[in-house]
Amino acid sequence: MNSHARMFEMIAAFKISQIIRAVCVHSLVEHLDNGLSTPTQIAEASNLDVDATDRLMRACVSVGLMTYDSGTSTFAATPVLLTLRADDPASLRSYALAQTADSHWLPWGRLDVSIKTGEPQAVATLGCNLWEYFSRFPTEGAIFSDAMRSASVSFDREVGKLVETRAADVVVDVGGASGSFVHALMEANSSLNGVVFDRQEVADAAMHAALKRGLASRFSTVSGDFFSDALPPADVYLLKLILHDWDDAACIEILRNCRRSIRAGGRLIVAEMIVGEPGDARFNPLIDLTMMVVLGGRERSIDQFRALFSATGFALTAVKPSSTRFWLIEAEAV
């Protein structure tokens, strides 16, 4: 592919994102799974326009989401399309819907403004910051939460081996949402007590998840604001995909709050992506731009994490890779 052809495809990439969104919204993967293999069948099943459905499915073939059999005039899903199946715990369906919804799509449309000002664009496009937007539109907020859960499935399966908790009694998942991180550690250590500290509506979901996993007797939730409310005392605080949402000043507030409540000899375990030299990881700089344009946060290098810890009474002690794009960054209270 020559440079002009490659650039043309890059410019048109937003169209592929919206094709994927339409596929998810109208459950095309599930329809194909259920034996509906023509645009007419799928359109009738979902009350869609037949011609528009045909044109969408043709586009899916062109970008590698479907195949077409000219002999039978039928379509079939490719392995790439199957990653959007709603019944797969690691499905990318919610991620696709979240990234193409107003909460992310509209701020990204003003990336050039964010580059000029260094400021996030959520307020300019949504009328409020992202978290307030999700409280106003809880359905979209729930999709985003599920996207974050599914993105962590593989990581959460590993953490029991990567995080040592034998000397710990209580672990608190700060901003832990559904609690998947702390639940995984509790399953690996049958004597460990776990807590999720988050907004009440989120913490309720964590307790429901603990009940399903048989962990309720050792698990509790505490609602509050991790900037200002006292955290439950703990031997270990977990911060998974929290610090990248915020600028350095806000991260220092969060970490100082952790330092105030942590038990003597306690540890901090941060799960994040790491930004290295340009070209080290293709995907991470794209997420870094998302943090900037939507939230005003950032992905960070090891040196940047070390500086945050040093400013808040912690010392970096270990950096551990996982098989996913997330790393475990450990620090001790000093």
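When reading the values below, keep in mind they use all heavy atoms of this one structure, side chains included, and skip hydrogens, waters and symmetry mates.
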SB check D112 K116 (cutoff 4.0 Å)
no

List the atom of R259, the atom of V334, and the distance in Å for their closest heavy-atom pair.
NH2-O, 2.6 Å

If Ile, Leu, Val, Met, Phe, Trp and Tyr residues are connected whenever their side-chain heavy atoms lie under 4.5 Å apart, and connections chain through other members, are F75 and I19 in the same group?
yes

If the condition is ring-ring contact (aromatic ring centres under 6.0 Å, His included), which residues does F197 pass it with, not counting sequence neighbours?
none

Counting C-beta onward and ignoring hydrogens, is there a side-chain heavy-atom pair between L32 and I42 closer than 4.5 Å?
yes

Under the rule for side-chain hydrogen bond (donor to acceptor under 3.5 Å, both in side chains), what residues qualify as partners of N34, not counting sequence neighbours?
none

Please tell me whether L162 and I302 are part of a single hydrophobic cluster in this structure, the criterion being side-chain heavy atoms less than 4.5 Å apart.
yes

Pair Q200, D204: side-chain N/O donor-acceptor within cut-off below 3.5 Å
yes

Kindly assign one of parallel, tilted or perpendicular to the pair F14 and W105, based on the angle between their ring planes and the thresholds 30° and 60°.
tilted

For T38 and T40, which I'm curious about, is there any donor-acceptor pair between the side chains at under 3.5 Å?
no

Between E187 and R213 (salt bridge meaning N to carboxylate O under 4.0 Å), is one present in this structure?
yes

Please indicate whether F8 has more than 12 foreign heavy atoms, meaning atoms of other residues, nucleotides or ligands, lying under 6.0 Å from its CZ.
no

Hey, does the side chain of S150 reach the backbone of A147 with a donor-acceptor pair shorter than 3.5 angstrom?
yes

Tell me whether M291 is reachable from V123 by hopping between hydrophobic residues (I, L, V, M, F, W, Y) whose side-chain heavy atoms are closer than 4.5 Å.
no

Pairing residues for D88 by the side-chain hydrogen bond (donor to acceptor under 3.5 Å, both in side chains) criterion, not counting sequence neighbours
none

